[in-house]
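Everything on this sheet refers to the single structure shown next.
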Amino acid sequence: MKLTIYNTLSRKKEEFIPLHENKVGMYVCGPTVYGDGHLGHARPAITFDILFRYLMHLGYKVRYVRNITDVGHLENDADSGEDKIAKKARLDELEPMEVVQYYTNRYHKAMEMLNVLPPSIEPHASGHIMEQIDFVQKILDAGFAYESEGSVYFDVEEYNKKYNYGKLSGRNVEDMLESTRELDGQSEKRRSVDFALWKKASPEHIMHWKAPWSEGFPGWHMECSAMGTKYLGEQFDIHGGGMDLMFPHHECEIAQSTAALGHETVKYWMHNNMITIGGQKMGKSLGNFITLEQFFTGNHPLLSQAFSPMTVRFFILQAHYRSTVDFSSAALEASEKGLSRLMEGYTRLQKLTASATSSVETAGLRARCEDAMCDDLNTPIVISHLFDALKAINLVHDGKETISAAELDELKAVFKIFIEEILGLKSETEVSTGNEAYKKAIDLLLNMRLEAKQNKDWATSDKIRNELTALGFEIKDTKDGFEWKI
Ligand code: ZN
């Protein structure tokens with residue numbers, strides 16, 4: 001089986017062939033540390049977590065770099081307006097790094113709840129100012145940037161004479177140059193399509209560093225060119241992020257890296273699609289902005305109830321990462337039911353008893369799941385294969401079909417690999433308690449209840465069941481014992 005992934009740059013699925021035999025370098029644009037993490041933040045984190053997990057499953061040694069944007073990201077995503085972190089710091093009378101730390105902690109907490117693995121390296125833009133200054137200098141030396149009033153801008157027109165600005169997003173640079181010509185001469189930029197590599201800080205700007213051109217700060221796109229090549233080398237395998245970053249962020253990153261180094265740095269560009277709410281883009285200004293914390297507590301008018309982190313994760317994985325996902329409470333409720341059926345089946349699987357022969361057909365499940373993952377990380381197909389196997393599990397559980405020991409072992413192994421290792425789904429009990437001892441303690445109590453029942457000690461048996469039920473446990477008697485969930 002060969003892994004194929006969709007390369008946004010070539011606009012087609014390509015076989016994944018790493019640059020270095022068994023090592024993979026992957027860079028993903030992390031969050032702009034400002035404001036609360038929302039569903040839109042969860043999607044790239046989960047998409048590239050799946051890729052990270054699957055590459056490791058295939059045996060690659062992966063260096064996964066996911067940055068934290070904590071400087072240079074200005075209010076209107078462009079070269080003007082106030083720095084978002086600096087503004088928040090000024091309004092709340094905090095050190096900018098206090099703001100950064102606060103949001104970074106919250107982001108990490110949400111990621112942990114979503115069972116997103118931490119990356120290998122998580123560099124901060126503010127911790128790599130020297131590298132960014134060096135990178136800007138390289139672009140200036142190569143003749144693709146100019147200095148103006150203490151700031152440095154990328155010269156798109158000059159660059160486009162030799163290379164192709166717009167190749168990733170498919171935008172036509174001639175049109176962009178043409179439509180922006182009338183604005184020329186009104187700002188310190190030569191063309192409004194040019195973008196900042198270094199900005200001179202205005203007097204009220206509280207985050208600034210010394211550079212040859214001025215006391216200032218790097219342009220937003222610069223961090224990813226500088227940090228990606230610092231940690232992964234001048235050429236690396238994968239660069240990912242949300243589709244909303246394709247232009248201008250990633251387009252500018254390609255231009256910067258090519259201008260400075262004379263060649264491109266990234267072999268495969270990957271982009272996850274967006275999450276919409278009622279068909280609309282999610283945004284603070286649209287009033288449909290729901291934070292991850294609000295999902296987990298249910299505290300938002302658009303939410304019918306609280307949704308657990310695993311439900312949110314499962315909801316995202318039920319769609320292919322390149323499709324849009326439309327959020328609604330009803331859709332999340334359906335995901336919650338689906339996830340609970342899957343996890344109950346997984347628990348049930350552990351308790352099945354093997355027979356001498358199999359009457360169910362479960363062979364080939366592993367290969368079908370691998371095939372789906374190798375086809376551009378098709379998680380919804382993997383999930384549908386697992387649901388097919390669930391039917392067999394339930395029939396064996398109900399005594400209508402049989403399964404041999406060998407097939408049972410294989411089924412257990414495949415469920416463990418795909419549910420836990422690759423899809424990263426955990427039972428909610430584990431999520432809320434985080435330990436195995438807890439589950440064993442409940443099993444112990446319920447086994448004592450079974451013994452009491454066998455001894456016709458109904459008082460003890462009822463007491464255990466009633467008190468556990470009062471604590472929120474759901475207990476079901478089955479032919480070979482019991483099942484429980486919280
Ligand atoms: Zn980036």
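Each ligand, and each atom within it, is numbered from 1 in the order the structure gives.
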Determine whether more than 12 heavy atoms belonging to other residues, nucleotides or ligands lie under 6.0 Å from atom NZ of Lys412.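 It does: Lys412 NZ has more than 12 such atoms within range.
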
In Å and rounded to the nearest 0.5 Å, what is the NZ to CG distance from Lys138 to Asp134?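 That separation rounds to 6.5 Å.
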
Does the side chain of His128 pick up a donor-acceptor pair with the side chain of Tyr231 at under 3.5 Å? yes

Report the protein N/O/S neighbours of the Zn ion (ligand 1) that fall below 2.8 Å; do not count waters. Cys29 SG, Cys224 SG, His249 NE2

Sidechain N-carboxylate O distance under 4.0 Å for Glu157, Arg191: yes

Classify the ring geometry of His250 against Trp269: parallel below 30°, tilted from 30° to 60°, perpendicular beyond 60°. tilted

Going by ring-ring contact (aromatic ring centres under 6.0 Å, His included), His249 matches just one of His271, His221, His239. Which one? His221

